[in-house]
Amino acid sequence: MTGSLRKIFRAGEILSEENFYLFIDKKKIIVFVPESFAEKLTREMSGAGAGLIGNYEMCSFRTEGTGTFKPNQKARPFSGKKNLLSYEKEIKLEMECDAENLNKVTDAILKNHPYEETAYEIYDFKKRTRKISGIVVNLKSGVKFSDLLKRLNMLKKFNSKIESEQEHTGSEAFRIAISDSDNGNTLESAKFINCDSMILISQKRCKLFKI
């Protein structure tokens with residue numbers, strides 16, 4: 001279906017085409033841990049759902065470094081002495097996980113880390129799926145959004161008239177993603193790679209979005 005939609009563009013209008021992929025949201029947890037506890041923490045985090053990449057488990061990245069801290073009188077330090085600046089050889093341990101496992105992985109860190117105060121960080125990042133989910137058409141010059149709607153409706157390939165979710169009088173489309181994969185990440189993925197428009201196909205129905 002995506003291939004047939006190329007017909008909405010006239011000869012000479014297309015500058016280039018590329019594959020369209022979905023980009024999924026992931027989480028990365030970074031924790032600073034004494035060298036002697038790095039293996040245990042890796043196992044516990046993995047058991048909670050971190051470090052899974054495709055067919056591989058317990059995936060991590062480790063960087064050696066030195067942590068500093070000065071415990072006060074109320075502290076119960078794992079190492080070092082109160083009121084003295086202390087140095088500890090540590091591992092910066094990085095593992096990724098899905099959002100649904102984030103609480104379990106964080107619980108595993110806090111339960112198994114030896115420090116009274118655990119230093120850890122959580123980041124958002126994206127990964128591209130391997131499956132091709134459509135095409136991206138780059139035009140030499142812009143096509144008016146209203147004109148793009150008319151061209152789609154002239155194809156007569158869909159069960160109902162194609163509508164737009166927005167009103168964009170005068171707006172033009174230059175970089176257009178075309179996909180039949182509607183899983184919640186499609187529009188965000190098109191936006192992430194700087195598409196300005198999206199043609200989304202689902203069960204013989206079609207919608208045009210201005211991103």
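Values in this document were obtained by computation on a predicted structure and should not be read as measured data.
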Asker: When clusters are formed by joining ILVMFWY residues with side-chain heavy atoms under 4.5 Å apart, either directly or through shared neighbours, do F174 and V136 land in the same one?
Answerer: no
Asker: Only one of T129, I193, N185 clears side chain to side chain contact (heavy atoms under 4.5 Å, CB included) with F23; which?
Answerer: I193
Asker: Counting distance only, does the side-chain N/O of K140 pair as donor-acceptor with the main-chain N or O of G12 below 3.5 Å?
Answerer: yes
Asker: Counting only N and O atoms by type, is there a donor-acceptor contact under 3.5 Å from the side chain of N101 to the main-chain atoms of C97?
Answerer: no
Asker: Does any non-hydrogen side-chain atom of I132 lie less than 4.5 Å from one of Y21?
Answerer: yes
Asker: Would you check if L139 and R175 make a side-chain contact, meaning some heavy-atom pair closer than 4.5 Å?
Answerer: no
Asker: If Ile, Leu, Val, Met, Phe, Trp and Tyr residues are connected whenever their side-chain heavy atoms lie under 4.5 Å apart, and connections chain through other members, are L93 and I122 in the same group?
Answerer: yes
Asker: Check for me whether K126 meets the cation-pi criterion with F192, that is, NZ or CZ under 6.0 Å from the six-membered ring centre and within 45 degrees of the ring axis.
Answerer: yes
Asker: Tell me if a side-chain donor or acceptor on E44 pairs with a main-chain N or O of L41 at a distance below 3.5 Å.
Answerer: no
Asker: So, do F69 and L85 sit near enough that their side-chain heavy atoms are less than 4.5 Å apart?
Answerer: no
Asker: May I ask you to test the E121-I29 pair for a side-chain heavy-atom distance under 4.5 Å?
Answerer: no
Asker: Would R128 and S189 count as having a side-chain donor-acceptor pair, cut-off 3.5 Å?
Answerer: no
Asker: Whether the side chain of S179 engages the backbone of S133 through a donor-acceptor N/O pair (distance < 3.5 Å, no angle test) should be reported.
Answerer: yes
Asker: Is the positively charged end of K28 above the ring of F125, judged by distance under 6.0 angstrom from the centroid and angle within 45° of the axis?
Answerer: yes
Asker: Does a sphere of radius 6.0 Å around NZ in K81 hold more than 12 heavy atoms from other residues, nucleotides or ligands, not counting ones at 6.0 Å or beyond?
Answerer: no
Asker: When you group the ILVMFWY residues by side-chain heavy-atom contacts below 4.5 Å and let the links chain together, are L110 and V33 in the same group?
Answerer: yes
Asker: Quick one: list whatever passes ring pair (Phe, Tyr, Trp, His ring centres under 6.0 Å) with Y115, sequence neighbours left out.
Answerer: F78, H113
Asker: To the nearest 0.5 Å, how far apart are NZ in K92 and CZ in R62?
Answerer: 14.5 Å
Asker: Determine yes or no for a side-chain-to-main-chain donor-acceptor pair under 3.5 angstrom, with R43 supplying the side chain and A38 the backbone.
Answerer: no
Asker: Output yes when a side-chain donor or acceptor of S46 lies under 3.5 Å from a complementary backbone atom of T42, and no otherwise.
Answerer: no
Asker: Establish whether F20 and L15 are linked, either directly or via other cluster members, by ILVMFWY side-chain heavy-atom contacts under 4.5 Å.
Answerer: no
Asker: Counting heavy atoms not belonging to E57, are there more than 12 under 6.0 Å from its CD?
Answerer: no
Asker: Tell me if a side-chain donor or acceptor on E64 pairs with a main-chain N or O of I91 at a distance below 3.5 Å.
Answerer: no
Asker: Got a second to check how far R151's CZ is from S146's OG, nearest 0.5 Å?
Answerer: 10.5 Å
Asker: So, do E88 and T66 sit near enough that their side-chain heavy atoms are less than 4.5 Å apart?
Answerer: no
Asker: Can you find a side-chain donor-acceptor pair between N138 and E17 that sits under 3.5 Å?
Answerer: no
Asker: Is a side-chain N or O of D147 found less than 3.5 angstrom from the main chain of V143, in a donor-acceptor match?
Answerer: no
Asker: I need the single residue from E96, M95, M45 that forms a side chain to side chain contact (heavy atoms under 4.5 Å, CB included) with S60. Which is it?
Answerer: M95
